[in-house]
2 protein chains.
Amino acid sequence: MEQKNICPRFEKALKILNHRWNTLLIYQLLEGPQRYSTIKNQLGISSRVLTERLKELESEHIVARTVIPSTPVVIEYELTEKGHALAPVLKAIEQWSSVWVNTEE
Amino acid sequence: MEQKNICPRFEKALKILNHRWNTLLIYQLLEGPQRYSTIKNQLGISSRVLTERLKELESEHIVARTVIPSTPVVIEYELTEKGHALAPVLKAIEQWSSVWVNTEE
DNA sequence: AAACTAAGTTACGAAATGTAAGTTAAAAAC
DNA sequence: GTTTTTAACTTACATTTCGTAACTTAGTTT
């Protein structure tokens, strides 16, 4: 009875993007490379989940992790080319929200 | 320490779209008006959550609900104009996934 | 030696989600 | 006229995910 007529690539994309925090995290990183603590403070996400999501996005090659051997050590996260390619998606959401979403009511 | 420089409209849009199942549900309804049971079978979502999400999208005026007084009664769900306006977002995700996502690995 | 800092990790309670069975109302079958 | 059927939910409960706060690690400065 169940039909699977949805493209598996699209389904996987949705799985990643719909995972709580991921889209906002990518949006945040569109502004440029950022440190763990910066992202955490900007988004108001818990460290437990932030670490989890960064690992997920890293394993999907959407985010890259760089160790800066200062003291104490600093980690920088940035979008890969694959990650930057999501900009049009975020732009489309921004566009839609500017036309159709109002914060009242 | 926490900065909120994110547009509240955009933030609300993300809150709706990132809620599990919502994007897939909207994608499904882009194909046209559909009954509760059809959506349920196509997406493989539980009835508990489907009902909850449909009510949420209805209250956001993204989905409209129509009662067809047949026997037994049939309910049809369809996208509103606001809902249809999300098509470019879904198209952007589709486009990205076709270029960057591979199901292997 | 003690304190500090960034980036995590851990334990645990709270919230969201999935599962499966039950409800409702009307009419068709028996 | 009682039982069955059907679509769209609803409910109770188990499982999974998430948030909170405290803790860990390693290399400096104090």
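Values reported hereafter were calculated over all heavy atoms of this structure, with side chains retained and with hydrogens, waters and symmetry mates removed. Just so we're on the same page: letters track the sequence lines, and every chain starts at 1.
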Quiz item: Between A/Arg20 (CZ) and D/dT17 (P), how many Å, whole number?
Solution: 12 Å

Quiz item: Would you say D/dC9 has OP1 or OP2 under 4.0 Å from some side-chain N or O of B/Tyr77?
Solution: yes

Quiz prompt | Protein-to-nucleotide contact annotation, 5' to 3' order, nucleotides 20-30 of chain C [B base; S sugar-phosphate only; - none; under 4.0 Å, heavy atom] | solution = ------SS---

Practice problem: Kindly indicate, with the supporting measurements, whether the criterion side-chain contact (heavy atoms from CB on, under 4.5 Å) is fulfilled by A/Asn22 and B/Asn18. | Solution: CA-CA 9 Å; A/Asn22 277 351; B/Asn18 258 343; over 6 Å; no

Practice problem: Might you work through the side-chain contact (heavy atoms from CB on, under 4.5 Å) test for B/Val73 and B/Ile68, ending with a clear yes or no? | Solution: CA-CA 6 Å; B/Val73 74; B/Ile68 298 169; 5.9 Å; no

Quiz item: With sequence neighbours left out, what residues match B/Arg48 under side-chain hydrogen bond (donor to acceptor under 3.5 Å, both in side chains)?
Solution: B/Glu52

Quiz prompt | Test item: A/Trp100 side-chain N/O and A/Gln95 main-chain N/O as donor-acceptor pair under 3.5 Å | solution = no

Quiz item: To the nearest Å, how far apart are A/Ile45 CD1 and C/dT9 P?
Solution: 14 Å

Quiz prompt | For atom OH of A/Tyr36 and atom C1' of C/dT9, their distance in whole Å | solution = 9 Å

Quiz item: Does D/dT17 have OP1 or OP2 sitting under 4.0 Å from an N or O in the side chain of A/Trp21?
Solution: no

Quiz prompt | ILVMFWY cluster, A/Val74 and A/Val63 together (side-chain gap under 4.5 Å) | solution = no

Self-check item: Evaluation steps, side-chain contact (heavy atoms from CB on, under 4.5 Å), between B/Ile75 and B/Arg65
Solution: CA-CA 7 Å; B/Ile75 314 286; B/Arg65 179 181 187 272; 3.6 Å; yes

Quiz item: Taking the nucleotide of DNA chain C with the closest heavy atom to each, which residue, A/Val74 or B/His19, is nearer the 5' end?
Solution: A/Val74

Quiz item: Heavy atom of residues 49-58 of chain B under 4.0 Å from DNA chain D: which residues?
Solution: B/Thr51, B/Lys55

Practice problem: Output yes when a side-chain donor or acceptor of B/Gln28 lies under 3.5 Å from a complementary backbone atom of B/Gln42, and no otherwise. | Solution: no

Practice problem: Please determine, by modelled atom types, if A/Glu94 and A/Tyr27 share a side-chain donor-acceptor pair under 3.5 angstrom. | Solution: yes

Exercise. Return the value, rounded to whole Å, for the distance between atom CG of B/Asn18 and atom P of C/dT17.
Key: 12 Å

Practice problem: Whole angstrom is fine here: how far is it from CD in B/Gln34 over to C1' in D/dA8? | Solution: 16 Å

Quiz prompt | B/Thr23 vs A/Leu17, side-chain contact (heavy atoms from CB on, under 4.5 Å): CA-CA, chis, key distance, verdict | solution = CA-CA 10 Å; B/Thr23 312; A/Leu17 294 176; over 6 Å; no

Quiz item: For the pair made of NZ in A/Lys40 and C1' in D/dA21, what is the distance, rounded to whole Å?
Solution: 10 Å

Practice problem: Just jot down the side-chain hydrogen bond (donor to acceptor under 3.5 Å, both in side chains) partners of A/His19, sequence neighbours excluded, or say none. | Solution: A/Arg53, A/Glu56

Quiz item: Contact class for A/Ser37 vs. all strands (heavy atom < 4.0 Å): base, sugar-phosphate, or nothing?
Solution: sugar-phosphate

Quiz prompt | A/Leu43 CG to D/dC18 P, straight-line distance once rounded to whole Å | solution = 15 Å

Practice problem: Give a yes or no answer on whether the side chain of B/Tyr36 reaches the backbone of B/Tyr77 with a donor-acceptor pair at less than 3.5 Å. | Solution: no

Quiz item: Between C/dT5 atom P and A/Asn41 atom CG, what is the distance in whole Å?
Solution: 14 Å

Quiz item: Just how large is the angle between the end axes of the helix from C/dA1-D/dT30 to C/dC30-D/dG1, five pairs per end, to 10 degrees?
Solution: 20°

Self-check item: Contacts of type side chain to side chain contact (heavy atoms under 4.5 Å, CB included), residue B/Pro33, not counting sequence neighbours
Solution: B/Glu76, B/Glu78

